Peer 1: 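Here it is, the structure, as C-alpha coordinates.
One-based numbering along the sequence shown. Please read all numbers here as calculations on a predicted model, not as lab measurements. Because only heavy atoms are used, hydrogens play no part in the values below, and waters and symmetry mates are left out as well, while side chains stay in.
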Amino acid sequence: MLVVTCGIGVVALVSNRRHSLHDWSLALAHSLSRLAGPLLPSGRRHVAVLPGETDLVPVLGLTGTPDAFRWQALSSGQGPEGTAIIYLGDHADDGRAEHGFDTHAILRSARDPVAAAYLERMIDNLDLLRADPRLEGLLPLLPSLLAVRRADGIVECMESMVAGEDGNALLQTPMRLQFGLAEAARAMALLHDQTSSLQAIDEIWFREWVERPAAQLLHLKGSLMSPARRKQALEMFVAAQRRYWLERDERLGWCHGDLQLRNLRFSRTGGAGVRLASILEWGNARSNAPGGFDSCGLAIAARMSASTEPLGGVVADLLWEPAWHVDERTWLSGAADDDRHWSRDTEAIRAMVGLVWLHQVSERSRDRNRSEVSRLWIVSNVDRVLRIVSSNGGAI
(Lines give C-alpha, C1' and ligand atoms only; values in the text may rest on other atoms or scores of the structure.)
Protein backbone atom coordinates (compact mmCIF):
# COMPACT_ATOMS: atom_id res chain seq x y z
CA MET A 1 0.00 0.00 0.00
CA LEU A 2 2.86 2.39 0.78
CA VAL A 3 4.55 1.65 -2.56
CA VAL A 4 1.31 2.30 -4.46
CA THR A 5 0.66 5.48 -2.49
CA CYS A 6 4.13 6.86 -3.17
CA GLY A 7 3.78 5.92 -6.85
CA ILE A 8 0.53 7.87 -7.11
CA GLY A 9 2.20 10.85 -5.46
CA VAL A 10 5.13 10.79 -7.90
CA VAL A 11 2.77 10.60 -10.90
CA ALA A 12 0.73 13.52 -9.57
CA LEU A 13 3.83 15.65 -9.07
CA VAL A 14 5.38 14.78 -12.45
CA SER A 15 2.10 15.48 -14.26
CA ASN A 16 2.12 18.96 -12.64
CA ARG A 17 -1.48 18.82 -11.57
CA ARG A 18 -2.59 22.05 -9.90
CA HIS A 19 -1.94 21.95 -6.14
CA SER A 20 -1.04 18.29 -6.69
CA LEU A 21 1.05 17.74 -3.57
CA HIS A 22 -1.61 19.31 -1.35
CA ASP A 23 -4.47 17.51 -3.11
CA TRP A 24 -2.62 14.21 -3.06
CA SER A 25 -1.98 14.55 0.69
CA LEU A 26 -5.65 15.29 1.33
CA ALA A 27 -6.78 12.39 -0.85
CA LEU A 28 -4.45 10.05 1.03
CA ALA A 29 -5.65 11.31 4.42
CA HIS A 30 -9.28 11.01 3.33
CA SER A 31 -8.79 7.43 2.13
CA LEU A 32 -6.99 6.40 5.32
CA SER A 33 -9.74 8.03 7.37
CA ARG A 34 -12.41 6.05 5.50
CA LEU A 35 -10.51 2.82 6.10
CA ALA A 36 -9.79 3.44 9.77
CA GLY A 37 -13.05 5.20 10.68
CA PRO A 38 -15.17 2.11 11.44
CA LEU A 39 -12.34 0.69 13.57
CA LEU A 40 -11.94 3.72 15.82
CA PRO A 41 -14.46 4.74 18.50
CA SER A 42 -14.34 8.37 17.33
CA GLY A 43 -15.18 7.36 13.78
CA ARG A 44 -18.22 5.23 14.52
CA ARG A 45 -21.54 6.83 13.78
CA HIS A 46 -23.92 7.15 16.68
CA VAL A 47 -26.79 4.70 16.36
CA ALA A 48 -30.08 5.54 18.02
CA VAL A 49 -31.26 3.19 20.77
CA LEU A 50 -34.31 1.22 19.68
CA PRO A 51 -37.37 2.36 21.66
CA GLY A 52 -39.52 -0.14 23.50
CA GLU A 53 -43.20 -0.84 22.83
CA THR A 54 -44.39 1.55 25.55
CA ASP A 55 -42.25 4.37 24.13
CA LEU A 56 -43.90 3.98 20.73
CA VAL A 57 -47.52 3.98 21.95
CA PRO A 58 -48.03 7.81 21.99
CA VAL A 59 -46.91 8.37 18.39
CA LEU A 60 -48.47 5.14 17.07
CA GLY A 61 -51.80 6.24 18.50
CA LEU A 62 -51.72 9.37 16.32
CA THR A 63 -51.61 7.40 13.06
CA GLY A 64 -55.27 6.36 13.21
CA THR A 65 -54.24 2.92 11.95
CA PRO A 66 -55.37 0.01 14.20
CA ASP A 67 -52.59 -2.24 12.92
CA ALA A 68 -49.97 0.35 13.96
CA PHE A 69 -50.01 -0.92 17.56
CA ARG A 70 -48.54 -4.19 16.28
CA TRP A 71 -45.47 -2.40 14.89
CA GLN A 72 -42.17 -2.63 16.66
CA ALA A 73 -38.78 -1.01 16.23
CA LEU A 74 -36.74 -3.09 13.75
CA SER A 75 -33.57 -1.06 13.24
CA SER A 76 -32.20 2.45 13.55
CA GLY A 77 -30.05 4.91 11.64
CA GLN A 78 -28.97 8.51 11.54
CA GLY A 79 -30.59 11.23 9.44
CA PRO A 80 -29.54 14.75 8.47
CA GLU A 81 -28.55 17.38 11.02
CA GLY A 82 -28.60 15.08 14.05
CA THR A 83 -32.00 13.47 13.51
CA ALA A 84 -32.53 9.82 14.46
CA ILE A 85 -34.38 7.31 12.25
CA ILE A 86 -36.25 4.23 13.51
CA TYR A 87 -37.69 1.68 11.06
CA LEU A 88 -41.01 0.26 12.26
CA GLY A 89 -42.78 -2.90 11.20
CA ASP A 90 -43.86 -6.36 12.24
CA HIS A 91 -43.18 -9.98 11.40
CA ALA A 92 -43.83 -10.76 7.73
CA ASP A 93 -46.63 -13.26 7.36
CA ASP A 94 -45.46 -14.61 4.02
CA GLY A 95 -41.81 -14.86 5.00
CA ARG A 96 -40.68 -13.01 1.86
CA ALA A 97 -39.49 -9.84 3.59
CA GLU A 98 -35.81 -9.47 4.36
CA HIS A 99 -34.82 -10.97 7.74
CA GLY A 100 -38.45 -12.04 8.29
CA PHE A 101 -39.72 -8.51 8.98
CA ASP A 102 -42.02 -6.25 6.98
CA THR A 103 -41.21 -2.52 7.33
CA HIS A 104 -44.25 -0.23 7.29
CA ALA A 105 -43.08 3.18 8.49
CA ILE A 106 -40.13 5.41 9.31
CA LEU A 107 -40.09 7.30 12.61
CA ARG A 108 -37.87 10.39 12.71
CA SER A 109 -37.05 12.06 16.01
CA ALA A 110 -35.12 15.15 17.09
CA ARG A 111 -33.85 15.91 20.57
CA ASP A 112 -31.80 19.08 20.03
CA PRO A 113 -32.71 22.45 18.47
CA VAL A 114 -30.82 21.93 15.19
CA ALA A 115 -32.41 18.53 14.55
CA ALA A 116 -35.84 19.78 15.63
CA ALA A 117 -35.60 22.74 13.25
CA TYR A 118 -34.79 20.34 10.40
CA LEU A 119 -37.84 18.16 11.12
CA GLU A 120 -40.12 21.20 11.45
CA ARG A 121 -38.90 22.47 8.07
CA MET A 122 -39.49 19.04 6.53
CA ILE A 123 -43.04 18.84 7.91
CA ASP A 124 -43.88 22.36 6.69
CA ASN A 125 -42.35 21.79 3.25
CA LEU A 126 -44.26 18.55 2.69
CA ASP A 127 -47.51 20.24 3.74
CA LEU A 128 -46.90 23.11 1.31
CA LEU A 129 -45.96 20.83 -1.58
CA ARG A 130 -48.94 18.52 -1.08
CA ALA A 131 -51.30 21.51 -0.93
CA ASP A 132 -50.03 22.94 -4.24
CA PRO A 133 -52.46 21.95 -7.04
CA ARG A 134 -49.70 22.42 -9.64
CA LEU A 135 -47.82 19.42 -8.23
CA GLU A 136 -50.55 16.80 -8.45
CA GLY A 137 -48.40 14.66 -10.75
CA LEU A 138 -45.54 14.62 -8.26
CA LEU A 139 -47.55 13.66 -5.17
CA PRO A 140 -46.73 9.91 -5.45
CA LEU A 141 -43.03 10.79 -5.05
CA LEU A 142 -43.56 12.66 -1.77
CA PRO A 143 -43.49 10.85 1.59
CA SER A 144 -46.87 10.54 3.32
CA LEU A 145 -46.84 11.77 6.91
CA LEU A 146 -48.74 9.45 9.23
CA ALA A 147 -48.24 11.30 12.52
CA VAL A 148 -46.47 14.29 14.07
CA ARG A 149 -45.83 14.56 17.81
CA ARG A 150 -44.22 17.34 19.84
CA ALA A 151 -43.62 16.84 23.57
CA ASP A 152 -40.98 17.88 26.13
CA GLY A 153 -38.77 19.52 23.51
CA ILE A 154 -38.78 16.37 21.33
CA VAL A 155 -40.17 16.42 17.78
CA GLU A 156 -41.25 13.15 16.16
CA CYS A 157 -42.79 12.50 12.77
CA MET A 158 -43.75 9.23 11.13
CA GLU A 159 -43.99 8.62 7.41
CA SER A 160 -45.13 5.58 5.47
CA MET A 161 -42.47 3.28 4.06
CA VAL A 162 -42.30 3.49 0.27
CA ALA A 163 -41.61 0.42 -1.82
CA GLY A 164 -38.37 0.68 -3.73
CA GLU A 165 -34.63 0.32 -3.41
CA ASP A 166 -32.04 2.79 -2.17
CA GLY A 167 -30.38 4.68 -5.02
CA ASN A 168 -26.87 3.95 -3.76
CA ALA A 169 -27.53 0.21 -3.78
CA LEU A 170 -29.56 -0.07 -6.98
CA LEU A 171 -27.69 2.23 -9.37
CA GLN A 172 -24.43 0.30 -9.47
CA THR A 173 -24.22 -0.39 -13.21
CA PRO A 174 -23.50 2.53 -15.60
CA MET A 175 -26.65 1.99 -17.66
CA ARG A 176 -28.93 1.79 -14.65
CA LEU A 177 -27.20 4.82 -13.14
CA GLN A 178 -27.91 6.85 -16.28
CA PHE A 179 -31.58 5.84 -16.21
CA GLY A 180 -31.89 6.68 -12.51
CA LEU A 181 -30.16 10.06 -12.71
CA ALA A 182 -32.25 11.04 -15.73
CA GLU A 183 -35.45 10.06 -13.87
CA ALA A 184 -34.49 12.17 -10.85
CA ALA A 185 -33.44 15.14 -13.00
CA ARG A 186 -36.76 15.09 -14.89
CA ALA A 187 -38.72 14.98 -11.64
CA MET A 188 -36.81 17.94 -10.20
CA ALA A 189 -37.13 19.88 -13.46
CA LEU A 190 -40.90 19.31 -13.34
CA LEU A 191 -41.07 20.43 -9.70
CA HIS A 192 -39.17 23.62 -10.49
CA ASP A 193 -40.93 24.39 -13.77
CA GLN A 194 -44.40 23.98 -12.27
CA THR A 195 -43.68 26.31 -9.35
CA SER A 196 -41.25 28.86 -10.81
CA SER A 197 -41.70 32.43 -11.97
CA LEU A 198 -39.32 34.84 -13.66
CA GLN A 199 -37.76 37.20 -11.13
CA ALA A 200 -34.80 39.54 -10.91
CA ILE A 201 -32.21 38.43 -8.35
CA ASP A 202 -32.13 41.11 -5.64
CA GLU A 203 -30.21 41.79 -2.44
CA ILE A 204 -32.73 39.92 -0.31
CA TRP A 205 -32.29 36.73 -2.33
CA PHE A 206 -28.52 37.13 -2.40
CA ARG A 207 -28.35 37.64 1.36
CA GLU A 208 -30.40 34.48 1.97
CA TRP A 209 -28.64 32.25 -0.57
CA VAL A 210 -25.02 33.46 -0.40
CA GLU A 211 -24.10 35.91 2.33
CA ARG A 212 -25.70 34.16 5.31
CA PRO A 213 -24.37 30.64 4.61
CA ALA A 214 -20.94 32.12 3.78
CA ALA A 215 -20.92 33.90 7.16
CA GLN A 216 -21.37 30.52 8.89
CA LEU A 217 -18.01 29.40 7.48
CA LEU A 218 -16.15 32.48 8.69
CA HIS A 219 -15.58 31.13 12.21
CA LEU A 220 -15.68 27.40 11.52
CA LYS A 221 -13.51 25.74 14.17
CA GLY A 222 -10.89 23.23 13.10
CA SER A 223 -9.68 25.02 9.98
CA LEU A 224 -5.96 25.09 9.17
CA MET A 225 -6.35 28.39 7.29
CA SER A 226 -5.52 31.59 9.10
CA PRO A 227 -8.54 33.78 9.98
CA ALA A 228 -7.29 36.53 7.67
CA ARG A 229 -6.89 34.21 4.68
CA ARG A 230 -10.23 32.54 5.32
CA LYS A 231 -11.94 35.94 5.50
CA GLN A 232 -10.26 37.07 2.27
CA ALA A 233 -11.20 33.86 0.43
CA LEU A 234 -14.83 34.06 1.55
CA GLU A 235 -15.04 37.71 0.51
CA MET A 236 -13.68 36.79 -2.93
CA PHE A 237 -16.17 33.95 -3.20
CA VAL A 238 -19.13 36.16 -2.23
CA ALA A 239 -17.98 38.92 -4.61
CA ALA A 240 -17.74 36.49 -7.52
CA GLN A 241 -21.17 35.01 -6.77
CA ARG A 242 -22.54 38.54 -6.61
CA ARG A 243 -21.15 39.36 -10.05
CA TYR A 244 -22.93 36.36 -11.53
CA TRP A 245 -26.29 36.32 -9.73
CA LEU A 246 -27.23 39.86 -8.78
CA GLU A 247 -29.79 41.51 -11.09
CA ARG A 248 -30.02 38.43 -13.32
CA ASP A 249 -33.47 37.40 -14.49
CA GLU A 250 -33.93 33.85 -13.22
CA ARG A 251 -36.85 31.49 -12.89
CA LEU A 252 -37.08 30.81 -9.14
CA GLY A 253 -39.10 27.86 -7.83
CA TRP A 254 -39.10 24.87 -5.49
CA CYS A 255 -36.05 22.65 -5.08
CA HIS A 256 -35.33 19.61 -2.93
CA GLY A 257 -32.08 21.07 -1.61
CA ASP A 258 -30.28 17.80 -0.81
CA LEU A 259 -30.75 15.59 -3.85
CA GLN A 260 -28.37 12.66 -3.40
CA LEU A 261 -28.58 8.99 -4.30
CA ARG A 262 -29.25 7.98 -0.69
CA ASN A 263 -32.41 10.13 -0.69
CA LEU A 264 -33.85 8.49 -3.81
CA ARG A 265 -35.86 5.25 -4.02
CA PHE A 266 -36.28 3.36 -7.30
CA SER A 267 -38.29 0.42 -8.61
CA ARG A 268 -36.96 -1.98 -11.24
CA THR A 269 -38.80 -1.99 -14.57
CA GLY A 270 -37.00 -4.85 -16.30
CA GLY A 271 -33.53 -5.00 -17.78
CA ALA A 272 -31.51 -1.94 -16.85
CA GLY A 273 -34.61 0.24 -16.53
CA VAL A 274 -35.64 1.87 -13.26
CA ARG A 275 -38.52 4.07 -12.17
CA LEU A 276 -38.30 6.78 -9.51
CA ALA A 277 -40.50 5.65 -6.61
CA SER A 278 -39.91 8.27 -3.92
CA ILE A 279 -37.76 11.22 -2.85
CA LEU A 280 -36.96 11.48 0.86
CA GLU A 281 -35.54 14.18 3.18
CA TRP A 282 -37.29 17.45 2.29
CA GLY A 283 -35.99 19.43 5.27
CA ASN A 284 -33.74 21.65 3.14
CA ALA A 285 -36.25 22.31 0.35
CA ARG A 286 -36.72 25.93 -0.71
CA SER A 287 -39.33 27.74 -2.76
CA ASN A 288 -37.01 30.26 -4.49
CA ALA A 289 -34.19 28.17 -5.97
CA PRO A 290 -32.65 28.83 -9.38
CA GLY A 291 -33.24 26.22 -12.06
CA GLY A 292 -30.62 23.47 -12.07
CA PHE A 293 -29.70 23.68 -8.38
CA ASP A 294 -30.94 20.15 -7.64
CA SER A 295 -29.48 18.62 -10.80
CA CYS A 296 -26.09 20.17 -10.09
CA GLY A 297 -26.12 18.79 -6.55
CA LEU A 298 -27.03 15.35 -7.86
CA ALA A 299 -24.24 15.45 -10.47
CA ILE A 300 -21.70 16.36 -7.78
CA ALA A 301 -23.00 13.55 -5.53
CA ALA A 302 -22.76 11.06 -8.42
CA ARG A 303 -19.13 12.08 -9.05
CA MET A 304 -18.35 11.66 -5.37
CA SER A 305 -19.85 8.18 -5.41
CA ALA A 306 -17.97 7.14 -8.56
CA SER A 307 -14.58 8.55 -7.54
CA THR A 308 -14.82 8.18 -3.71
CA GLU A 309 -13.51 11.76 -3.61
CA PRO A 310 -14.87 14.05 -0.89
CA LEU A 311 -17.11 16.99 -1.77
CA GLY A 312 -14.22 19.46 -1.76
CA GLY A 313 -12.20 17.40 -4.23
CA VAL A 314 -15.05 17.14 -6.76
CA VAL A 315 -15.92 20.83 -6.42
CA ALA A 316 -12.27 21.86 -6.78
CA ASP A 317 -11.95 19.87 -10.02
CA LEU A 318 -15.14 21.44 -11.41
CA LEU A 319 -13.94 24.93 -10.57
CA TRP A 320 -10.65 24.29 -12.38
CA GLU A 321 -12.32 22.65 -15.36
CA PRO A 322 -16.00 23.69 -15.45
CA ALA A 323 -17.29 21.07 -17.85
CA TRP A 324 -19.43 17.98 -17.44
CA HIS A 325 -18.60 14.62 -18.95
CA VAL A 326 -20.57 13.48 -21.99
CA ASP A 327 -22.75 11.08 -19.99
CA GLU A 328 -23.38 13.77 -17.37
CA ARG A 329 -24.43 16.31 -19.99
CA THR A 330 -26.84 13.78 -21.43
CA TRP A 331 -28.96 13.39 -18.32
CA LEU A 332 -28.39 16.93 -17.01
CA SER A 333 -29.87 18.58 -20.08
CA GLY A 334 -32.28 15.76 -20.96
CA ALA A 335 -35.15 17.38 -19.07
CA ALA A 336 -34.56 20.86 -20.54
CA ASP A 337 -35.95 22.30 -23.76
CA ASP A 338 -33.61 25.30 -23.73
CA ASP A 339 -30.43 25.04 -25.81
CA ARG A 340 -28.84 27.60 -23.47
CA HIS A 341 -29.09 25.22 -20.54
CA TRP A 342 -26.82 26.20 -17.64
CA SER A 343 -24.85 22.93 -17.84
CA ARG A 344 -23.37 24.02 -21.18
CA ASP A 345 -22.05 27.40 -19.99
CA THR A 346 -18.69 27.67 -18.22
CA GLU A 347 -19.58 30.70 -16.13
CA ALA A 348 -22.92 29.22 -15.10
CA ILE A 349 -21.32 25.91 -14.10
CA ARG A 350 -18.82 27.65 -11.82
CA ALA A 351 -21.53 29.77 -10.21
CA MET A 352 -23.94 26.85 -9.71
CA VAL A 353 -21.26 24.47 -8.41
CA GLY A 354 -20.10 27.16 -5.98
CA LEU A 355 -23.66 27.75 -4.78
CA VAL A 356 -24.31 24.02 -4.24
CA TRP A 357 -20.98 23.63 -2.39
CA LEU A 358 -21.74 26.62 -0.14
CA HIS A 359 -25.11 25.23 0.96
CA GLN A 360 -23.86 21.70 1.50
CA VAL A 361 -20.91 22.68 3.69
CA SER A 362 -22.86 25.29 5.65
CA GLU A 363 -25.65 22.79 6.34
CA ARG A 364 -23.21 20.08 7.38
CA SER A 365 -21.37 22.51 9.68
CA ARG A 366 -24.54 22.76 11.78
CA ASP A 367 -24.39 19.02 12.53
CA ARG A 368 -23.86 18.35 16.22
CA ASN A 369 -22.24 15.02 15.40
CA ARG A 370 -18.62 16.16 15.51
CA SER A 371 -17.32 12.90 14.04
CA GLU A 372 -18.96 14.02 10.79
CA VAL A 373 -17.46 17.54 10.97
CA SER A 374 -13.89 16.73 11.92
CA ARG A 375 -10.80 18.80 11.17
CA LEU A 376 -10.05 16.55 8.20
CA TRP A 377 -13.57 17.12 6.87
CA ILE A 378 -13.14 20.89 7.13
CA VAL A 379 -9.71 20.84 5.45
CA SER A 380 -10.88 18.51 2.67
CA ASN A 381 -14.24 20.11 1.92
CA VAL A 382 -14.02 23.75 2.98
CA ASP A 383 -10.37 24.83 3.03
CA ARG A 384 -9.54 22.97 -0.18
CA VAL A 385 -12.10 25.00 -2.13
CA LEU A 386 -11.24 28.28 -0.39
CA ARG A 387 -7.56 27.80 -1.29
CA ILE A 388 -8.55 27.76 -4.95
CA VAL A 389 -10.71 30.85 -4.47
CA SER A 390 -7.96 32.79 -2.70
CA SER A 391 -5.46 32.03 -5.48
CA ASN A 392 -8.00 32.94 -8.20
CA GLY A 393 -7.97 29.33 -9.34
CA GLY A 394 -10.94 28.52 -11.51
CA ALA A 395 -12.01 32.17 -11.41
CA ILE A 396 -15.30 31.45 -9.58
Peer 1: Are Leu107 and Leu56 side-chain neighbours, meaning at least one heavy-atom pair lies under 4.5 Å?
Peer 2: yes

Peer 1: Quick check: does any side chain N or O of Asn381 sit under 3.5 Å from a backbone N or O of Trp377, one acting as donor and the other as acceptor?
Peer 2: yes

Peer 1: Mark yes or no: Arg268 above the aromatic ring of Phe266, with NZ or CZ under 6.0 Å from the six-membered ring centre and no more than 45 degrees from the axis.
Peer 2: no

Peer 1: Quick one: which residue pairs count as a side chain to side chain donor-acceptor pair (under 3.5 Å) with a foot in residues 136-148, not counting sequence neighbours?
Peer 2: Arg130-Ser144

Peer 1: Are Arg108 and Glu159 close enough for a salt bridge, meaning some N to O gap below 4.0 Å?
Peer 2: yes

Peer 1: Are Leu88 and Leu62 connected in the hydrophobic side-chain network, where two residues link if heavy atoms are under 4.5 Å apart?
Peer 2: no

Peer 1: Considering residues at least two apart in sequence or located in another chain, which fulfil the side-chain contact (heavy atoms from CB on, under 4.5 Å) criterion with Leu128?
Peer 2: Trp254

Peer 1: If we ignore hydrogens and angles and just use 3.5 Å, is the side chain of Thr330 paired with the main-chain N or O of Val326 as donor and acceptor?
Peer 2: yes

Peer 1: Would you please indicate if the ring centroids of Trp245 and Trp205 are separated by under 6.0 Å?
Peer 2: yes

Peer 1: Can you tell if the side chain of Trp324 reaches within under 4.5 Å of the side chain of Trp331, non-hydrogen atoms only?
Peer 2: no

Peer 1: Ignoring hydrogens and angles, state whether a donor on the side chain of Arg251 or Ser196 is under 3.5 Å from an acceptor on the partner side chain.
Peer 2: yes

Peer 1: Taking 4.0 angstrom as the limit, do Asp166 and Arg265 come out as a salt bridge?
Peer 2: yes

Peer 1: What are the two closest heavy atoms between Ala316 and Arg384, and how far apart are they?
Peer 2: CB-NE, 4.4 Å

Peer 1: Let's go through Leu170 and Arg176 carefully: what are the C-alpha distance in whole Å and the side-chain angles of both, what is the deciding distance for side-chain contact (heavy atoms from CB on, under 4.5 Å) to 0.1 Å, and is it a yes or a no?
Peer 2: CA-CA 8 Å; Leu170 181 61; Arg176 185 169 285 161; 3.9 Å; yes

Peer 1: If the threshold is 4.0 Å, N to carboxylate O, is there a salt bridge linking Arg303 and Asp317?
Peer 2: no

Peer 1: Any chance you could lay out the side-chain contact (heavy atoms from CB on, under 4.5 Å) test for Val148 and Glu156, step after step, and finish with the verdict?
Peer 2: CA-CA 6 Å; Val148 176; Glu156 295 178 317; over 6 Å; no

Peer 1: State whether the side chain of Arg350 and the backbone N or O of Leu319 hold a donor-acceptor pair below 3.5 Å, judged by distance alone.
Peer 2: yes

Peer 1: What are the two closest heavy atoms between His256 and Glu281, and how far apart are they?
Peer 2: NE2-O, 2.8 Å

Peer 1: Could you pull out the closest heavy-atom pair between Leu141 and Ala187, with the gap in Å?
Peer 2: CD1-CB, 4.0 Å

Peer 1: Check the pair Trp71, Tyr87 against ring-ring contact (aromatic ring centres under 6.0 Å, His included), reporting the backbone distance first and the verdict last.
Peer 2: CA-CA 10 Å; Trp71 300 348; Tyr87 296 92; over 10 Å; no

Peer 1: Would a distance-only check, ignoring hydrogens and angles, find a side-chain to backbone donor-acceptor pair under 3.5 Å from Asp294 to Gly257?
Peer 2: yes

Peer 1: Between Trp282 and Tyr118, is the gap from one ring center to the other below 6.0 Å?
Peer 2: no

Peer 1: Please find the pair of heavy atoms, one from Ile349 and one from Ser343, that lie closest to each other, and give the distance.
Peer 2: CD1-O, 3.3 Å

Peer 1: Contact between Val210 and Arg242 at the side-chain level, heavy atoms closer than 4.5 Å - yes or no?
Peer 2: no

Peer 1: State, without any angle test, whether Asn288 and Glu208 hold a side-chain donor-acceptor pair at a distance under 3.5 Å.
Peer 2: yes

Peer 1: Mind checking whether Phe293 and His192 have ring centres under 6.0 Å apart?
Peer 2: no

Peer 1: What are the two closest non-hydrogen atoms of Val356 and Gly297, and how far apart are they?
Peer 2: CG1-CA, 3.8 Å

Peer 1: Run Glu81 and Arg364 through salt bridge (Lys or Arg N to Asp or Glu O under 4.0 Å) and show every step you take.
Peer 2: CA-CA 7 Å; Glu81 302 193 28; Arg364 181 64 67 86; over 6 Å; no

